[in-house]
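Only one structure is covered here, and it is reproduced in the block below.
FYI, side chains are in, hydrogens and waters are out, and symmetry mates aren't considered; it's all heavy atoms of this structure.
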Amino acid sequence: MANIFDLAKRDFKRFVTSGGYNIDIEMKTPDKSLTINIQGFTVKHHLSFDSDGNQVNTKIARITVDEDVLVQNGFTVRNAKGEVALTGYKVKFKDSSGVDKGYSVRESFPDENFGLIMLILNDAKL
């Protein structure tokens with residue numbers, strides 16, 4: 001029988017990959033030698049806070065994906081040091097109006113417990 005952590009991990013992964021809040025995401029290696037289509041959780045908003053706590057108008061885009069799904073689709077996710085190294089990978093997904101938007105991975109924040117990776121994105125040409 002699975003313990004509570006295993007059940008939580010399964011549920012988190014299901015939420016990100018097939019839980020109804022996920023959308024189609026296209027990812028490409030920086031050299032464009034491999035393109036995959038996966039499911040993931042996306043967020044894009046235009047409000048943040050500066051170091052003084054004041055609201056500022058900035059675009060923030062990020063996705064959360066399952067590391068196992070990336071590996072199963074042929075992506076090399078970790079470098080020789082065992083760290084997640086996805087900077088420069090290209091990402092495309094539709095915004096709320098159905099328009100494809102292109103991004104480049106700026107930063108990676110892996111969740112080492114659940115096997116999910118949050119990727120912070122910059123705008124990029126499709």
Side-chain angles (χ1 to χ4, degrees):
M1 179 174 208
N3 65 35
I4 190 94
F5 178 79
D6 292 336
L7 295 172
K9 182 176 179 178
R10 182 200 66 201
D11 289 346
F12 273 115
K13 286 184 173 233
R14 187 180 315 143
F15 176 79
V16 169
T17 61
S18 62
Y21 291 97
N22 53 303
I23 67 166
D24 295 326
I25 299 170
E26 177 184 282
M27 290 187 69
K28 292 182 182 183
T29 54
D31 64 2
K32 299 180 183 172
S33 63
L34 179 60
T35 301
I36 64 172
N37 293 293
I38 61 171
Q39 296 280 303
F41 182 72
T42 65
V43 175
K44 182 174 162 184
H45 57 84
H46 293 268
L47 182 64
S48 190
F49 297 91
D50 66 14
S51 60
D52 294 325
N54 300 311
Q55 289 183 349
V56 293
N57 187 13
T58 59
K59 184 178 1 178
I60 305 292
R62 69 180 185 270
I63 63 172
T64 302
V65 295
D66 185 338
E67 181 175 358
D68 290 337
V69 171
L70 296 178
V71 171
Q72 291 164 5
N73 280 280
F75 268 28
T76 301
V77 174
R78 294 182 179 263
N79 61 21
K81 295 179 182 178
E83 299 166 343
V84 171
L86 297 171
T87 302
Y89 279 57
K90 305 300 180 201
V91 175
K92 179 173 74 171
F93 59 88
K94 293 186 184 309
D95 68 10
S96 61
S97 65
V99 175
D100 279 329
K101 298 291 184 171
Y103 304 93
S104 178
V105 175
R106 182 179 76 207
E107 296 177 79
S108 303
F109 294 99
D111 181 318
E112 301 290 345
N113 291 314
F114 291 110
L116 301 173
I117 305 170
M118 181 176 36
L119 302 171
I120 307 300
L121 309 172
N122 282 336
D123 287 340
K125 290 187 178 187
L126 296 174

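Scored by the salt bridge (Lys or Arg N to Asp or Glu O under 4.0 Å) test, Asp24 finds no partners at all (sequence neighbours excluded). Looking at residues two or more places apart in sequence or on another chain, you find no side-chain hydrogen bond (donor to acceptor under 3.5 Å, both in side chains) involving Asn37. Residues satisfying the side-chain contact (heavy atoms from CB on, under 4.5 Å) criterion with Ser51, sequence neighbours excluded, are absent altogether. For Asp52, the salt bridge (Lys or Arg N to Asp or Glu O under 4.0 Å) criterion is met by no residue, not counting sequence neighbours. By the side-chain contact (heavy atoms from CB on, under 4.5 Å) test, Leu7 pairs with Ala2, Arg10, sequence neighbours left out. Applying the side-chain hydrogen bond (donor to acceptor under 3.5 Å, both in side chains) test to Asp95 and every residue at least two apart in sequence or in another chain returns Ser97. Every side-chain contact (heavy atoms from CB on, under 4.5 Å) that Lys92 has, sequence neighbours left out, goes to Glu26, Asp100, Leu126. For Ser96, the side-chain contact (heavy atoms from CB on, under 4.5 Å) criterion is met by no residue, not counting sequence neighbours.
The closest side-chain heavy-atom distance from Leu116 to Val65 is not below 4.5 Å. Tyr103 has its side chain out of reach of Asn122: every pair of non-hydrogen atoms, C-beta onward, lies at least 4.5 Å apart.
Hydrophobic cluster membership is shared by Met27 and Val71, with clusters built from Ile, Leu, Val, Met, Phe, Trp and Tyr side chains linked at under 4.5 angstrom. Under the 4.5 Å side-chain heavy-atom criterion for Ile, Leu, Val, Met, Phe, Trp and Tyr, Ile25 and Val77 are members of the same hydrophobic cluster. Both Leu34 and Val84 are assigned to one and the same hydrophobic cluster, defined by single-linkage of ILVMFWY side chains at heavy-atom distances under 4.5 Å.
For residues 106-126, the ring pair (Phe, Tyr, Trp, His ring centres under 6.0 Å) pairs, not counting sequence neighbours, are Phe5-Phe114, Phe12-Phe114. Every pair tested for salt bridge (Lys or Arg N to Asp or Glu O under 4.0 Å) that includes a residue from residues 36-45 fails, sequence neighbours excluded, so the list is empty. Applying the salt bridge (Lys or Arg N to Asp or Glu O under 4.0 Å) rule to pairs touching residues 104-114 yields Arg78-Glu112, sequence neighbours excluded. Evaluation of the ring pair (Phe, Tyr, Trp, His ring centres under 6.0 Å) test over residues 66-89, restricted to residues two or more places apart or in two chains, returns Phe75-Tyr89.
For the atom pair CZ of Phe93 and OG1 of Thr42, the computed distance is 4.5 Å after rounding to the nearest 0.5 Å. Of the inter-residue distances, the one linking Arg14 atom CZ with Lys9 atom NZ reads 14.0 Å to the nearest 0.5 angstrom. A distance of 5.5 Å separates CG of Leu121 from CD1 of Ile63, quoted to the nearest 0.5 Å. To the nearest 0.5 Å, atoms NZ (Lys125) and NZ (Lys90) are separated by 11.5 Å. Taking CD1 from Ile120 and CZ from Arg62, the interatomic distance works out to 6.5 Å, rounded to the nearest 0.5 Å.
Residues Ala124 and Ser104 come closest through the heavy atom pair CB-N, 3.7 Å. Contact between Ile36 and Asn73 at its shortest, heavy atoms only, is CG2-O, 3.5 Å. The nearest pair of heavy atoms linking Ile117 to Leu119 is CG2-CD2, 3.6 Å.
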